[in-house]
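A quick write-up on the structure given underneath.
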Amino acid sequence: MDAAEREMLIRRYAACDISWYELRERGFEDFVQVLGALGELGLRQPVAPMEGPNVEARERGRAIIREALRAQR
């Protein structure tokens with residue numbers, strides 16, 4: 001995979017056009033490569049939409065993290 005294709009794939013991943021599974025199929029070996037490439041391009045990792053059966057669990061997890069961060073202040 002050349003640099004232009006790599007960048008295009010990472011940009012599509014950041015825009016939620018393709019998944020981590022698709023990146024693996026196209027040559028990314030581990031998620032550290034993806035995170036590094038996102039950082040190089042100044043992009044953030046996409047976040048799953050808050051919908052579906054796991055919403056309550058995700059909201060509880062976020063609340064726990066927020067409380068832990070508040071406690072550190």
Side-chain angles (χ1 to χ4, degrees):
M1 158 180 11
D2 66 11
E5 181 181 8
R6 180 177 184 264
E7 181 177 334
M8 181 267 309
L9 289 170
I10 290 298
R11 288 187 182 282
R12 288 188 60 204
Y13 176 72
C16 297
D17 289 338
I18 61 173
S19 67
W20 162 232
Y21 176 81
E22 291 169 296
L23 289 178
R24 283 192 319 237
E25 286 185 330
R26 296 181 184 193
F28 284 87
E29 295 178 17
D30 62 52
F31 200 66
V32 174
Q33 289 179 311
V34 175
L35 293 175
L38 286 166
E40 289 171 6
L41 296 172
L43 300 172
R44 290 182 165 207
Q45 179 181 351
V47 177
M50 291 296 273
E51 56 189 37
N54 296 323
V55 172
E56 289 180 24
R58 289 179 63 196
E59 288 174 344
R60 283 192 308 272
R62 291 172 76 178
I64 291 168
I65 292 169
R66 283 191 187 108
E67 188 58 38
L69 291 172
R70 281 189 202 106
Q72 287 185 345
R73 290 185 195 167

Check: Glu40 and Ile10 side chains under 4.5 Å, non-hydrogen atoms: no
For Gln45 against Leu38, the heavy-atom pair lying closest together: CA-CD1, 3.8 Å
Spatial distance of atom CG (Leu35) from atom CZ (Phe28) [nearest 0.5 Å]: 11.0 Å
For the student: nearest non-hydrogen atoms of Ala37 and Arg6, plus distance: CB-NH2, 3.6 Å
Exam field: side chain Asp2 to backbone Glu5, donor-acceptor pair closer than 3.5 Å: yes
Cluster check Leu43, Val32: I/L/V/M/F/W/Y, side chain < 4.5 angstrom: no
Residues in salt bridge (charged side-chain N to carboxylate O under 4.0 Å, His left out) contact with Glu51, at least two apart in sequence or another chain: none
Transitive ILVMFWY side-chain link Met1 to Tyr13, under 4.5 Å: yes
Would you give me the side-chain donor-acceptor pairs under 3.5 Å for residues 17-27, sequence neighbours excluded?
| residue | atom | partner | partner atom | Å |
| --- | --- | --- | --- | --- |
| Ser19 | OG | Tyr21 | N | 3.4 |
| Ser19 | OG | Glu22 | N | 3.2 |
| Ser19 | OG | Glu22 | OE1 | 3.3 |
| Tyr21 | OH | Glu25 | OE2 | 3.0 |
| Glu22 | OE1 | Ser19 | N | 2.7 |

Presence of salt bridge, Arg62 and Glu59, under 4.0 angstrom: no
Closest non-hydrogen atom pair, Arg11 against Leu41: NH2-CD2, 3.9 Å
Nearest atoms (heavy-atom pairs only) where Ala14 meets Pro46: O-CB, 3.9 Å
